[in-house]
Amino acid sequence: MKRIFAALFLLFVVTGSAHAQIDLKKLQGSWQVISVKNLRTGAVDTIANRRLIWTQYGHHYWSYMYADLDRTVTQMADLIKLPADERVKADYAKIWDDAGQIRFWAAGGIYWLVGTDRHYTNMVSIEPYQVNLGNIEAVVRLDDSVYVYRSLPDKEGVQRETYERRISPLTDPAPRRTPTNADMLKGMWQIMSVKNLSTGEVDDIAQRQTIWYQLSDSTWTYIVTDKDRRNTTPAELAMLSPEERMRRNYEKIWEPVARSNAKGATDGNRYWASGGKYHVSGDTIKIWRSLSIEPSMVGYYSNEFILRVDKDTYIYRSAPDAKGVVHEYVHRRLD
């Protein structure tokens, strides 16, 4: 009889787990990675001590961003005074260390849930070769404040377990009868065009760049990538000389070195990412930066002025820039 009950219990566990499903409402929002555990050795890396990592999930879209906490902060006013070659080195050090290890990362894409597994695909990434690549993570725990998942085994057969804590409040399951600007802003947006209000010129920026802007209840991430960046795989990079490898890496983020040197300084990002907290008051959204590809911008804040936000469209105006120019940004909703 005990064997029968044991067999029935095992059958219940197996079939129950097969039909288990992640609670999407609890996954949505923003999380911070606190630690990563090597399941082979048991070693726990409290990664939050040296790196700020945020993940953010909407209904279908996700974003992921991290920055080492000890990156050198060089103010832009000081950076532009450097000779071109020195500025290239200073910019490069924001992303890679001397050993070629990356110190800042941002990516985003779509995801879907299958039982207790989260499947995802990259659609924007600091590494061009990763676009359209995907993976699977097995959710171990998900509640109001904690999210734990395991990776697939790597090439050495090692699985890692990542522990995250929630940094944005849970979404209220009962929508307001009259949605506010703050309610309507939540989701993933793509910037389609930018208008210079001084000249009236409209830049249809979506033709050459993918720009994603994701907002949860209290946090945001922003990723910009040129569509024509060169795709160089790690295997191809490893075959290059150190000088050429640095040049290829540099040109993932900034204008080519030769073009930058001809101008006397680096000029123009080909990839950008930042993230932080925000607060909406009436028609104004106040933005604070907690993460940025540019270390000197961490801690900065700015105001954006909401002209329109609904289920499909979000339009805001920036504060005047250093030249007094105001820009108007038109977004379409993705999620």
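We use all heavy atoms of the structure for the numbers below, so side chains are in, but hydrogens, waters and symmetry mates are not. Quick caveat, the model's predicted, so the values are computed rather than measured.
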Can you say whether the rings of [X] and [Y] are parallel (under 30°), tilted (30 to 60°) or perpendicular (over 60°)?
X: His331; Y: Tyr329; answer: tilted
X: Tyr314; Y: Tyr213; answer: parallel
X: Tyr64; Y: Tyr66; answer: perpendicular

Will you find, in the side chains of [X] and [Y], an N or O donor that is under 3.5 Å from an N or O acceptor?
X: Ser30; Y: Ser216; result: yes
X: Thr221; Y: Gln56; result: yes
X: Thr116; Y: Gln21; result: no
X: Gln159; Y: Ser151; result: no
X: Tyr92; Y: Asn249; result: yes
X: Gln190; Y: Arg332; result: yes
X: Ser241; Y: Arg245; result: no
X: Asn181; Y: Asp283; result: yes

Worksheet item: Taking a hydrophobic cluster as the set of Ile, Leu, Val, Met, Phe, Trp and Tyr residues connected by side-chain heavy atoms closer than 4.5 Å, whether directly or through intermediates, do Met246 and Trp105 fall within one such cluster?
Response: yes

Worksheet, complete the sentence: CH2 (Trp31) and CZ (Arg165) are apart, to the nearest 0.5 Å, by 11.0 Å

Response to the item:
One should read off an interatomic distance between Glu251 CD and Thr232 OG1, to the nearest 0.5 angstrom, of 9.0 Å

Worksheet item: Considering only heavy atoms from C-beta outward, does the side chain of Val139 approach that of Asp117 to under 4.5 Å?
Response: no

Item to complete: For the residue pair Leu291 and Trp54, establish whether any side-chain heavy-atom pair is separated by less than 4.5 Å.
Response: yes

Discussion item. Determine whether Trp96 and Phe104 satisfy the following criterion, ring-ring contact (aromatic ring centres under 6.0 Å, His included), listing intermediate values before the conclusion.
Written reply: CA-CA 8 Å; Trp96 292 275; Phe104 180 91; over 10 Å; no

Worksheet entry | Side-chain (Glu236) to main-chain (Thr233) donor-acceptor, under 3.5 angstrom | yes

Worksheet entry | Passing option when Asp203 is tested against Arg208, His327, Gln209 for side chain to side chain donor-acceptor pair (under 3.5 Å) | Arg208

Response to the item:
Nearest heavy-atom approach of Ser292 to Trp272 is OG-CZ2, 3.8 Å

Fill in: From CA spacing to verdict: ring-ring contact (aromatic ring centres under 6.0 Å, His included), Tyr57, Tyr111
CA-CA 9 Å; Tyr57 300 98; Tyr111 77 94; 5.5 Å; yes

